[in-house]
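Only one structure is covered here, and it is reproduced in the block below.
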Amino acid sequence: MILPGAWLAVLGGGQLGRLFAMAARQMSFRVLVLDPDRDCPAAAVADRHLCADYLDDAALAEIARSCRAVTTEFENVPAAALERLARDVVVRPHGAHVAIAQDRIREKQFLESSGAAIAPWRAIYGASDLAPHLLDGLLPGILKCSRSGYDGKGQCRVRDAAAALAAFNDFGGMPCVLEKQIDLATEISVVVARDAAGRSLTYPVAENMHAEGILDVSIVPARIAPALADAARAAALAIADGLDYTGVMCVECFVQKDDRLLVNEIAPRPHNSGHYSIDACLTSQFAQQVRVLAGLPLGDASLLRPAVMVNLLGDLWRHGEPHWERLLAEHNVRLHLYGKQTARPGRKMGHYTLLGDSAAPCYRAALRMREAIAGA
Ligand code: ATP
Ligand code: MG
C-alpha cells in the first residue's frame with residue numbers, strides 16, 4: 001500500500017490529469033505531472049510539473065527516482081513510456097492495455113475476442129480493402145483513423161465505397177477502421193475500477209448526448225431499462241476481467257433502436273462521461289484512480305443524487321466570459337473550470353454538474369442554465 005505523503009505521477013497534464021491531481025492532493029498524496037506543455041491545465045494544481053516529452057529519458061528517470069506509482073490521463077501517451085517506467089515503479093494501467101486502446105484495430109480485435117458485441121467493422125490498411133464487394137453491410141459507415149483520434153477527430157461519415165476511399169486518402173492512407181453507422185437509440189457508458197487483486201466495481205451507467213462527435217451532456221442514472229443498465233455493467237466488468245486490467249477505465253456503448261447493446265470503445269482512464277462522479281458519488285472516478293494506483297481498497301461508487309453533467313466548450317466564450325454568477329446562484333450546481341487560457345471552438349474548457357431529485361427535470365434545468373450563462 002502506498003500511503004499519503006508519497007509521490008504519485010501522472011503522464012499527461014490535460015483536464016483529466018488536473019482532476020486526478022486535485023483528487024490525489026485532497027487525499028494527501030503529492031503529485032508530479034509530466035507534460036510537454038508549459039501551460040497544461042494540471043501544472044497549476046500539481047506539486048511538481050516536469051515539462052518534457054513523454055519519452056524524455058531524464059524525465060522518466062526522475063519519475064522513477066522520485067515517485068512510487070505512475071498513471072496516465074490519456075491513451076495517446078506513448079505506451080513505451082509506461083513500459084519503461086514499469087521496470088522501476090508501480091504503473092497502472094499497464095502499458096500493454098493502453099496500447100490496445102490506442103489502436104482501434106487492436107481494440108476491436110480484443111473486444112471481439114472477449115465476446116463483446118460490437119458494430120460490424122473492417123480494418124483498412126490500403127485502398128484494396130475498400131473494394132466495393134468487401135463493404136457489404138458496412139455502409140453507410142464511419143471511417144476512423146486507427147490511431148490518435150479523440151472527440152470525433154480523425155473520423156468521416158461515408159455513404160459509399162468512393163467516399164470511403166476519398167476519406168482514406170484524406171487521412172494520408174494511414175490504417176483505419178470502417179465501421180457501420182449504427183441507428184442509435186442512445187449512448188451510454190460505464191466507468192469500471194479494478195484493483196491488482198482482480199476485485200472490481202462499476203459506477204452507475206451514464207446516458208451520453210454528443211454534439212458534433214464531442215460529448216455534450218451526461219445524465220445519471222441513464223434513462224434506460226434496468227436490465228439494459230445491468231447488461232452494460234456486466235459487459236464492462238467482463239472487458240476489465242478479459243484484459244486483467246488494473247486501474248479505472250470507461251466502456252462506451254451504443255444502444256440500438258432494437259435495444260441491443262454494442263460496445264463502442266474503451267478508454268483506459270477516467271472519462272469525461274464519469275465527471276458526474278466528482279460531485280454525485282461517494283468516491284469520484286479520480287479518487288478511485290488514486291486508490292487503485294496506491295493499492296488502497298476500492299472506494300464506494302454509489303450515486304448520492306441523480307446528476308446531469310454539462311460540458312462547457314470554447315464556443316460558449318464566443319461573446320465573452322460566460323456569466324458564472326448566474327450559474328453559481330443555483331445552490332445545487334458545481335462548476336469545474338480547467339484553467340485553459342484560450343477558448344477555441346470545440347475545446348473542453350470545463351463542465352458543471354447539476355444535482356437533482358430525478359434525472360429528467362434535472363436535464364431540462366441543466367440545459368436552460370447553459371443558455372442563460374452564454375456571454376453578453
Ligand atoms: P471520444 O474521444 O469523445 O470518445 P472518439 O474520437 O474516440 O471520441 P468515437 O467514440 O468512436 O470517437 O465516436 C464519437 C461519437 O461519434 C460517438 O460517441 C457517436 O456519437 C458517434 N459514432 C461513432 N461511431 C459511430 C457508429 N458506428 N454509428 C453511429 N454513431 C457513431
Ligand atoms: Mg468515444
Side-chain angles (χ1 to χ4, degrees), residues 12 14-17 72-77 98 100-108 110-112 116-124 135 137-159 163-164 167 171 174-192 205-219 222 232 235-236 239 248-258 260-275 285 309-314 345-349 351:
Q15 60 267 20
L16 300 177
T72 176
E73 66 134 19
F74 78 133
E75 55 273 30
N76 295 327
V77 159
V98 174
I100 289 173
Q102 269 171 4
D103 184 323
R104 287 189 195 277
I105 295 174
R106 291 189 59 192
E107 181 179 49
K108 286 185 186 299
F110 161 73
L111 288 171
E112 272 178 343
I118 63 174
W121 72 289
R122 180 179 172 84
I124 310 296
L135 306 186
L138 296 177
L139 294 170
I142 304 180
L143 190 78
K144 302 181 178 181
C145 294
S146 191
R147 297 184 72 90
S148 65
Y150 69 98
D151 287 346
K153 294 183 175 62
Q155 300 195 9
C156 184
R157 293 188 179 233
V158 294
R159 295 215 62 79
F171 290 148
M174 62 169 87
C176 287
V177 300
L178 178 64
E179 200 177 297
K180 181 181 164 60
Q181 190 176 313
I182 302 301
D183 214 0
L184 298 175
T186 184
E187 292 186 67
I188 59 176
S189 58
V190 182
V191 171
V192 36
V205 178
E207 174 184 345
N208 303 322
M209 264 83 132
H210 294 78
E212 293 173 46
I214 306 176
L215 181 66
D216 189 35
V217 176
S218 294
I219 303 174
I239 288 167
V248 170
M249 69 185 266
C250 181
V251 177
E252 296 178 32
C253 300
F254 298 140
V255 180
Q256 300 190 97
K257 290 268 161 67
D258 59 8
R260 274 194 307 145
L261 194 69
L262 297 176
V263 174
N264 171 22
E265 59 174 357
I266 58 179
R269 51 169 172 80
H271 193 263
N272 193 170
S273 66
H275 284 359
Q285 61 173 347
M309 189 277 324
V310 178
N311 265 343
L312 300 168
L313 299 186
R347 190 175 197 207
K348 289 176 177 169
M349 301 296 290
H351 73 269

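The figures that follow rest on heavy atoms only: side chains count, while hydrogens, waters and symmetry mates do not. Just follow the structure's listing: the first ligand is 1, and inside any ligand the first atom is 1.
- For the pair Glu75 (side chain) and Val98 (backbone), a donor-acceptor distance under 3.5 Å is absent.
- Taking the N/O/S atoms of Glu252 in turn, the shortest distance to the Mg ion (ligand 2) belongs to OE1.
- Listed here is the closest heavy atom pair of Ala123 and Ile105: CB-CD1, 4.0 Å.
- Ligand 1 lies under 4.0 Å from heavy atoms of Arg104, Ile142, Lys144, Tyr150, Asp151, Gly152, Gln155, Arg157, Glu179, Lys180, Gln181, Ile182, Leu184, Glu187, His210, Gly213, Glu252, Phe254, Asn264, Glu265.
- Side chain of Asn311 to backbone of Leu313: no donor-acceptor contact under 3.5 angstrom is found.
- Between the side chain of Glu107 and the main chain of Ile266, a donor-acceptor pair closer than 3.5 Å is present.
- For the residue pair Glu252/His271, the side-chain donor-acceptor check at 3.5 Å is satisfied.
- Shortest distance from the Mg ion (ligand 2) to Glu265 is reached at OE2 (N/O/S atoms only).
- Ion pairing of Arg104 with Glu179 is absent here, as no side-chain N (NZ or NE/NH1/NH2) approaches a carboxylate O to less than 4.0 Å.
- Proximity of a side-chain donor or acceptor of Glu73 to a complementary backbone N or O of Pro270 within less than 3.5 Å is not detected.
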